[in-house]
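One structure is given here, and the rest of the page talks about it.
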Amino acid sequence: MQKQLLMGDEAIAQGAIDAGLSGIYAYPGTPSTEISEYVHASREAKEKGIKASWGANEKTAYEAALGMSYTGKRTMVCMKHVGLNVAADPFVNSAITGANGGFIVVSADDPSMHSSQNEQDSRELGRFALLPTLEPTNQQEAYDMVHYGFDISEKYGIPVLLRITTRMAHSRAGVSRKAPKAQNEIKLPKNLRQFVLLPAIARKQYKDLLQKQTSFIAESENSGFNKYIDGPDKKLGIIACGITFNYLMENFPDRKVPYPVVKISQYPLPKKDIEKITTECKEILVLEDGYPMVEEMIKGYLGKGIKVKGRLDGTLPRDGELNPNIVAVSLGKEDTKGQEIPSVVANRPPSLCNGCSHHDSFLALNEALTSYSKGRVFSDIGCYTLSALPPYESINSTVDMGASITMAKGAADAGMVPAVAVIGDSTFTHSGMTGLLDCIIAKSPVTILILDNSTTAMTGGQPSAAFGRIINICKGLGVEENHIRILKPLKKNHEENVAVMKEELEYNGVSVIIPQRECVQTLNKRMREKFKNK
Ligand SMILES: Cc1ncc(C[n+]2csc(CCOP(=O)(O)OP(=O)(O)O)c2C)c(N)n1
Ligand code: SF4
């Protein structure tokens, strides 16, 4: 079969298309976005009638995928690691409902926080939900694991978590494809109450899930993705998880590591391999990107017994992603540090694009707020979060998607009036609407700016579920019509926009101000495509 040069994300997408995928659901988030974008753009996927849709958030995307799995079809849902927090409720519960058609959950972690607000490790959530978790070492494995993941998902009737990290998602390698599989026909679960989590049913199915754990361990022990590679020097044994196996191998160009190595790409841990290496070797070094999950499991609570080295004892840094050089140092090899970063690319803080509508919104907001004390602007996550930096320095919080309106409500409840929330259009429909409803019910004195640039700009301009709907949503939720104010954020309208903001800041109730102007990047893209098609 043909070989293609693919990014990890693309390998997963192509793997899913070839493995009989019927539908892919997602909410964008770096570094997972390109998986869905690949399927959206794939002619092959279109010809096969594969459904590809962006959900309003990760929870809605997850539940849509679960619904497709219920019908017996193969499905995938993709998100970044913090998205799995948003989808945690259906994720954990779907371990108990089980799956019907093959169901793969892709969660893309971002160690070192290249573009994220934390560096949590999705393997921990996989373990928490008691689900098998796959972690590819390279792009070929990422591709192959999708086929395998669908197979074990259907064999055990459970969702399977596929955990990747930024380096895996965004680096490229040659990938050999397998012969494509046909999609499953609709075939509902034999037990039509399988997905009804009434306590009596859930209790039984939870027991079933617990019983399956032994089989999941056996699958890991027999999996072609996990390997015990013997080595003559038993002073040290190395457990290398996911991409860290590559970092280890890069330190041994002939791929001959003198120590025994257990390569881990499937969890729960392969018990026999772990027992073997911990019995044979004097010390263990655990290489894992993310949390010291395996290290903690092997060390045990009191850390007695065999010496285990890794992130917890300082052999490796406690946070941030690993790389071949960090692994070299942990093996007592020379610290090569790599090339110096040229000054022309070093330390460039991110900034809003020239002509971005957010410039005009923050200029106006800063001026409108001059008569109030500082520290009252709760922001959300999007391009507008850059207003935390000079020259605007407008915002005082960014915690998670949706937290702007709700935090402003809490601050207003505490007596901070007015409290201001700033949220983007995509984030508003992701998880801002419920917070707005809370404010309306409590008649909270909050001024909410919904920065409507008609897209999900920060992740590359995916469609926004809010497009064309924000005003009606606000009205429908109960914002008084005369306190829904639409602005055009342009320099020439500055004075007028400041005046409107001042008026609404003085209003002792819920007001929503909607500055509307398209993101210049999506506007340019649209124009380029328009002229190309002429
Ligand atoms: C739970 C979660 N999902 C996804 C993301 C990735 N992400 C960051 S901001 C954002 C949306 C930005 O769109 P919008 O609110 O419209 O603001 P814009 O960037 O367009 O200004 C996304 C998807 C995230 N940080 N957290
Ligand atoms: S991508 Fe769009 S929203 Fe983001 S900074 Fe640039 S113009 Fe503004």
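Everything quoted here is computed from the prediction, not taken from an experiment. Just follow the structure's listing: the first ligand is 1, and inside any ligand the first atom is 1.
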Shortest protein heavy-atom distance from [atom], along with the residue and atom involved:
atom: atom 15 (O) of ligand 1; value: Thr427 OG1, 2.5 Å
atom: atom 17 (O) of ligand 1; value: Tyr384 CE2, 3.2 Å
atom: atom 25 (N) of ligand 1; value: Gln117 OE1, 3.7 Å
atom: atom 7 (N) of ligand 1; value: Thr459 CG2, 3.9 Å

- prompt: Just going by heavy-atom distances, which of Val422, Thr30, Ile381 is nearest to atom 12 (C) of ligand 1?
  reply: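 Closest candidate by heavy-atom distance is Ile381.
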Quick check on contacts: which atoms of ligand 1 are under 4.0 angstrom from a heavy atom of [X]?
X: Met458; value: 8 (C), 9 (S), 19 (O)
X: Gly29; value: 6 (C)
X: Lys80; value: 4 (C), 5 (C), 6 (C), 24 (C)
X: Asn453; value: 18 (P), 20 (O), 21 (O)
X: Cys383; value: 18 (P), 19 (O), 21 (O)
X: Thr455; value: 16 (O), 20 (O)
X: Ala457; value: 18 (P), 19 (O), 20 (O)
X: Met401; value: 1 (C), 2 (C), 3 (N), 4 (C), 5 (C), 10 (C), 11 (C), 24 (C), 26 (N)

Side chains of [X] and [Y] only: does a donor on one sit below 3.5 Å from an acceptor on the other?
X: Asp425; Y: Ser464; value: yes
X: Tyr267; Y: Glu135; value: yes
X: Glu119; Y: Ser116; value: no
X: Gln14; Y: Tyr143; value: no
X: Glu37; Y: Thr33; value: no
X: Ser69; Y: Thr75; value: no
X: Asp452; Y: Gln516; value: yes

Applying ring pair (Phe, Tyr, Trp, His ring centres under 6.0 Å), can you list everything that pairs with [X], at least two apart in sequence or on another chain?
X: Tyr247; answer: none
X: Phe428; answer: none
X: Phe103; answer: Tyr62

Once you measure the plane-to-plane angle for [X] and [Y], does it fall in the parallel (<30°), tilted (30-60°) or perpendicular (>60°) bin?
X: Phe216; Y: Tyr156; answer: perpendicular
X: His359; Y: Tyr392; answer: tilted
X: Phe362; Y: His358; answer: perpendicular

Under 4.0 Å between a side-chain nitrogen and a carboxylate oxygen: does that hold for [X] and [Y]?
X: Lys502; Y: Glu367; answer: no
X: Arg127; Y: Asp121; answer: no
X: Glu295; Y: Arg311; answer: no

[X], any N or O under 3.5 Å of ligand 1 N or O:
X: Val86; value: no
X: Ser426; value: yes
X: Thr456; value: no
X: Asp425; value: yes
X: Gly83; value: no
X: His358; value: yes

query: Testing Asp110, Asp109, Thr30 for side chain to side chain donor-acceptor pair (under 3.5 Å) with Thr166, which one passes?
result: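 That would be Asp110.
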Does ligand 1 have any atom sitting under 4.0 Å from a heavy atom of [X]?
X: Pro28; value: yes
X: Glu58; value: yes
X: Val82; value: yes

message: At under 4.0 Å between heavy atoms, is it the side chain or the backbone of Tyr27 that contacts ligand 1, or both, or neither?
response: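 Under 4.0 Å from ligand 1, Tyr27 contributes side-chain atoms alone.
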- prompt: Between Met79 and ligand 1, which residue portion shows a heavy-atom distance shorter than 4.0 Å: side chain, backbone, both, or neither?
  reply: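 Neither; no heavy atom under 4.0 Å.
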query: What is the number of protein N, O or S atoms that sit under 2.8 Å away from atom 4 (Fe) of ligand 2?
result: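 For atom 4 (Fe) of ligand 2, the figure is 1.
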message: By the definition side-chain contact (heavy atoms from CB on, under 4.5 Å), identify the one residue from Pro31, Pro111, Ser107 that meets it with His81.
response: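 The option that passes is Ser107.
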